[in-house]
Colleague: 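Can you read through this structure? Questions will come right after.
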Amino acid sequence: MNDPNTARVSCGALTASDAGRRVELDGWVHRRRDHGGLIFIDVRDRSGITQVIFDPSLGEVFGQAETLRSEDVIRVCGVVRSRPAGTENAKLATGQVEVPAAELEILNRSETPPFVIAAEEEPAEEVRLRYRYLDLRRPRMQRNLTVRHRILKAFRDYFDDHGFLEVETPNLIKSTPEGARDYLVPSRLHRGTFYALPQSPQILKQILMIGGLGRYMQIARCFRDEDSRSDRQPEFTQVDVEMTFVSQDEVLAMMEGSVRYVWEHALGQTIPDPLPRLTYAEAMRRFGSDKPDLRFELELVDVADAFRGGAFGLFAGLAESEANRVIALRWPGGAALSRRDFDAVTELAKTFGAKGLAYVSFAPDGIKGSIARFVDEPLAAQLRERCGAQDGDAILFVGDAKHGASEVAGKLRLEIGERLGLRKPDAFAFCWVLGFPLFERDEETGEITFSHHPFTAPAPGQEALFDSDPLALTAQHYDLVLNGYELGSGSIRNHTAEFQNRVFKRLGLSDEQIEDRFGFFMEALRYGAPPHGGMALGIDRIVMIACGENSLRDVIAFPKNQTARDVMMDAPSSVPDQALNDLGLRIVEPPPA
RNA sequence: GGUCUCGUAGUGUAGUGGACUGCACCGCUGAUUGUCGAUCAGCUAGUACGAGUUCGAUCCUCGUCGAGGCCGCCA
């Protein structure tokens, strides 16, 4: 069919103006409607669907058409024509035209697919992933991967426009045993040693700065051997960025610009300029999260003082110390909830780490709820005033040590927002979160550890605190947050070996440990490392939110499932003994439980 | 590691401590010349696995396996 008079066209592209053209359509049998003496076949490719019609006058071709089934792959030639009056299909982009087949070539047959591509109903995710190549034929996945492509391209275009060089960094690197668990790759040539897959190209991009690249970006694959969530995959993609001779504000402006450009060019939407900024302390206080969902209000309200010296002993006691919070959280319409509903919410709060949950509701027949008997009229009036609660609302109370109370209340806030439909998938609420502490105390060991990573620089002018009160140090670190998801984080880095060494020492590393793990990096810092800083944005999450999806698995072509398995390939899998022998590995059975 | 929910034909679902587990789609056979979720007639095909309670279990209990959500974890 390599006829110069025949144009190969996309299945979704034909319009009335194409009538009279002789075209070739290649694609899958989407649906067939067999009327015995007349057969309609919808031919599908990524661009859409065109109706092809077979007439018995075609003889042998018609006989072939009778055998066509879903997902067979065909090539059809014919002259496009307008549909007879009254048979147009307004629901179809190509509904004004059809192609009466003159020739048919069956390029491949399909077995009966386990699920119907054309169906509205969605098979279980396990089935979708097992037959991913079929799932990918569905419009939803084709759309999501298209959006993903456009977003990636927009990022590349933007950073290219701003003088960034895309530089690839290796995937077989050195394990630096801090942070998440590494994926390890055994070395054959150096038996008993291992490469690690990068958790991020962090050190490498810093060395690129030392290498004088100035402005670097990369669409980088990262690997972390930790348990998955709907928004976390063991293997994920970042837009990784690093720049020299920049202030924090300059990095923020550049990154903010990239996101604004992406939203405009890939999604056709404008976002605020500038993006709102919150401090870490403010985010925790008002939203109970370092990644607040700003699509809705419902802020946390501090009410400890209202309970001080009052009848409710638990909160009165908590109110005596600045280390505690008593947080009120308005639940619009919450008075309609049953006792049973509140019990369920209390159970939920306990899974978040709450010891319990107090609540009052303002029902038409008076104040109700678990602590209603401690809430007299003046207190009720005060609480309503401060929370902005109306008749029919409820207020939840979380009281505990500051940080824990904030986190519990923050998660309850999201739950309320979710139930009230306030987390709209087509709304995009960005914000920066700044002013994180540089160090924090490890709750298990009691040791001082870094909040994000050990290369982050403290805010200028805080040198005096470094030894006297390290936990009071503020980091030049920033998170970009969208709709309650952390899109990415970055920082201004330490660029002198001397200061980096002080940080490592402060974290309790010995000279030997520093040399063993970071010796190459410390050495690089000593050869004229310029001031630098950067950021990495999680592409998978950005695409997920942009597509209105709830799971990364719907925006990744071949994702792992929750247990980190690829159910299509069946990975991970065992390997032949010879492969283990080459690597000097032996599998040890786990000890009996 | 913990916890919750789920597992019924190829797919999506319904239902019940007791008789042939119902429906839709897919598939198969036949009919059908203007459909587009084609239509009409017929057919095929199922309780994840194991143990227990019970006269009797798809249903109740426990375990195993698998899946998903959340907590821990994720510098």
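Quick caveat, the model's predicted, so the values are computed rather than measured. The chains referred to below are lettered A, B, ... by the order of the sequence lines, with proteins before strands, and numbering in each begins at 1.
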Colleague: Between the base of C74(B) and the side chain of Arg224(A), is one N or O donor paired with an acceptor at under 3.5 angstrom?
Modeller: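 Between C74(B) and Arg224(A), which were checked side chain against base, a qualifying N/O pair under 3.5 Å is absent.
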Colleague: Does Asp227(A) contact G72(B) through a side-chain donor or acceptor facing the base, at a distance under 3.5 Å?
Modeller: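 When only heavy-atom distances are counted, Asp227(A) does reach the base of G72(B) through a donor-acceptor pair under 3.5 Å.
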Colleague: NA contact type, Ser230(A), heavy-atom cut-off 4.0 Å: base, sugar-phosphate, or nothing?
Modeller: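 Contact class for Ser230(A): sugar-phosphate only.
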Colleague: Can you find an N or O donor on one side and an acceptor on the other, under 3.5 Å apart, linking the side chain of Glu98(A) with the base of G34(B)?
Modeller: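 Counting by modelled atom types and ignoring angles, a donor-acceptor contact under 3.5 Å is found here.
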Colleague: Tell me: CZ of Arg32(A) to P of A38(B), nearest whole Å?
Modeller: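 Between P of A38(B) and CZ of Arg32(A): 10 Å.
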Colleague: Gln233(A) has an atom CD; how far is it from atom C1' of G68(B), in whole Å?
Modeller: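 To the nearest whole Å, that distance equals 13 Å.
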Colleague: Pick the P atom in C62(B) and in G15(B), then give their distance to the nearest Å.
Modeller: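 So the two P atoms sit 22 Å from each other.
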Colleague: Using a 4.0 Å heavy-atom cut-off across all strands, classify Lys350(A) as base, sugar-phosphate, or nothing.
Modeller: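 The residue Lys350(A) makes no contact with any strand.
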Colleague: With P as the reference atom in both, quote the distance from G50(B) to U8(B) in angstrom, rounded to an integer.
Modeller: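 Roughly 16 Å separates the two P atoms.
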Colleague: Taking atom C1' in both G42(B) and U32(B), what distance in whole Å separates the two?
Modeller: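 Each nucleotide's C1' atom is 15 Å from the other's.
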Colleague: What nucleic acid atoms does Pro123(A) come within less than 4.0 Å of, heavy atoms only: base, sugar-phosphate, or nothing?
Modeller: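 The residue Pro123(A) makes sugar-phosphate contact but no base contact.
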Colleague: Got a donor-acceptor contact below 3.5 angstrom from the Arg413(A) side chain to the Asp293(A) backbone?
Modeller: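 Confirmed, Arg413(A) side chain pairs with Asp293(A) backbone.
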Colleague: Is it true that a side-chain atom of Thr50(A) and a backbone atom of Cys11(A) form a donor plus acceptor pair closer than 3.5 Å?
Modeller: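 Between the backbone of Cys11(A) and the side chain of Thr50(A) there is a qualifying donor-acceptor contact (under 3.5 Å).
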Colleague: So what does Ala124(A) touch, heavy atoms closer than 4.0 Å: a base, only the sugar-phosphate, or nothing?
Modeller: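 The residue Ala124(A) makes sugar-phosphate contact but no base contact.
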Colleague: Let's test your reading of the model: under 3.5 Å, does the base of G34(B) pair with the side chain of Arg81(A) as donor and acceptor?
Modeller: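 Per atom types, the contact qualifies.
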Colleague: Hey, is His35(A) doing a stacking thing with A38(B), by the 5.5 Å centroid and 30° angle criteria?
Modeller: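 His35(A) ring centre within cut-off of A38(B) base, planes near parallel; stacks.
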Colleague: Can a donor-acceptor pair be found, under 3.5 Å and without considering hydrogens, that links the side chain of Ser110(A) to the backbone of Asp72(A)?
Modeller: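 No; judged by distance alone, with no hydrogens or angles, the pair does not exist.
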Colleague: Under 4.0 Å, counting only non-hydrogen atoms across every strand here, what does Glu440(A) touch: a base, just sugar-phosphate, or nothing?
Modeller: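 It contacts nothing in the nucleic acid.
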Colleague: Thinking salt bridges, do Asp42(A) and Arg32(A) make one under a 4.0 Å N-O criterion?
Modeller: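 Salt bridge absent between Asp42(A) and Arg32(A).
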Colleague: Using a cut-off of strictly less than 4.0 Å, decide whether Arg232(A) has a side-chain nitrogen or oxygen near OP1 or OP2 of G72(B).
Modeller: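 No, because none of the side-chain N or O atoms of Arg232(A) sits under 4.0 Å from OP1 or OP2 of G72(B).
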Colleague: Are Gln51(A) and Asn89(A) linked by a side-chain donor-acceptor pair shorter than 3.5 Å?
Modeller: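 No, no side-chain donor-acceptor contact under 3.5 Å.
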Colleague: Nearest whole angstrom, please: distance from the P of C70(B) to the CD of Glu418(A).
Modeller: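 Atom CD in Glu418(A) sits about 11 Å away from atom P in C70(B).
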Colleague: Counting the atoms with a prime plus P, OP1 and OP2 as sugar-phosphate, which does Arg130(A) contact under 4.0 Å by heavy atoms, base, sugar-phosphate, or nothing?
Modeller: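 No contact at all - Arg130(A) keeps every heavy atom at 4.0 Å or more from the nucleic acid.
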Colleague: When rounded to the nearest Å, what value does the distance between C1' atoms of G34(B) and C25(B) take?
Modeller: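 After rounding to an integer number of Å, I get 24 Å for this pair.
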Colleague: Find the distance Glu347(A):CD to C4(B):C1' and express it as a whole number of Å.
Modeller: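 Atom CD in Glu347(A) sits about 11 Å away from atom C1' in C4(B).
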Colleague: Leu38(A) side chain: which of U33(B), G66(B), G72(B) is closest?
Modeller: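 Nucleotide nearest to Leu38(A)'s side chain: U33(B).
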Colleague: Find the distance Glu66(A):CD to G30(B):C1' and express it as a whole number of Å.
Modeller: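 Distance, rounded to whole Å: 12 Å.
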Colleague: Is the base of U13(B) touched by the side chain of Glu121(A) through a donor-acceptor pair closer than 3.5 angstrom?
Modeller: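 Checked by distance alone, the answer is no.
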Colleague: With rounding to whole Å, what would you report as the distance between U47(B) and G37(B) at their P atoms?
Modeller: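 One P to the other, the span is 34 Å.
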Colleague: How are the rings of His453(A) and Phe455(A) set relative to one another: parallel (under 30°), tilted (30 to 60°) or perpendicular (over 60°)?
Modeller: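 Correct class here is tilted.
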Colleague: By the 4.0 Å heavy-atom rule, please label Thr87(A) as base, sugar-phosphate, or nothing.
Modeller: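 Base contact.
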Colleague: Measure from CG on Leu92(A) to P on C36(B) and round the result to the nearest Å.
Modeller: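 Interatomic distance, CG of Leu92(A) to P of C36(B): 13 Å.
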Colleague: Could you tell me how far A19(B) sits from U13(B) if I compare only their P atoms? Round to whole Å.
Modeller: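 That atom pair is separated by 25 Å.
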Colleague: Are the side chain of Arg232(A) and the backbone N or O of Asp227(A) linked by a donor-acceptor pair below 3.5 Å?
Modeller: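 Answer holds: yes.
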Colleague: Taking for each residue the nucleotide of RNA chain B with the nearest heavy atom, is it Arg33(A) or Gln562(A) whose nucleotide lies nearer the 5' end?
Modeller: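 Taking each residue's closest nucleotide, the earlier one in sequence belongs to Arg33(A).
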Colleague: Write down the distance between OH (Tyr131(A)) and C1' (C26(B)), rounded to a whole number of angstrom.
Modeller: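 Interatomic distance, OH of Tyr131(A) to C1' of C26(B): 14 Å.
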Colleague: Provide the distance between the two P atoms, one in A38(B) and one in C28(B), to the nearest whole Å.
Modeller: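 Here A38(B) and C28(B) have their P atoms 15 Å from each other.
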Colleague: Which residue lies toward the 5' end of RNA chain B, Ser551(A) or Glu226(A), if each is placed at its nearest nucleotide?
Modeller: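 The residue whose closest nucleotide sits nearer the 5' end is Ser551(A).
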Colleague: A67(B) phosphate, OP1 or OP2: any side-chain N/O from Thr563(A) under 4.0 angstrom?
Modeller: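 Thr563(A) to A67(B) OP1/OP2: side-chain N or O found under 4.0 Å.
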Colleague: Separation of Phe115(A) atom CZ from A24(B) atom P, in whole Å?
Modeller: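 After rounding, the gap between these two atoms is 23 Å.
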Colleague: Confirm from the modelled atom types if Arg31(A) and U35(B) form a donor-acceptor pair under 3.5 Å, side chain to base only.
Modeller: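 Such a pair does not exist between side chain and base.
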Colleague: So His477(A) and Phe436(A), would you call those rings parallel, tilted or perpendicular, with 30° and 60° as cut-offs?
Modeller: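 Ring orientation, 0 to 90° scale: perpendicular.
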Colleague: Give a yes/no answer on whether the side chain of Arg128(A) brings an N or O atom under 4.0 Å of OP1 or OP2 in A67(B).
Modeller: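 Answer no for this pair, as no side-chain N or O of Arg128(A) is under 4.0 Å from OP1 or OP2.
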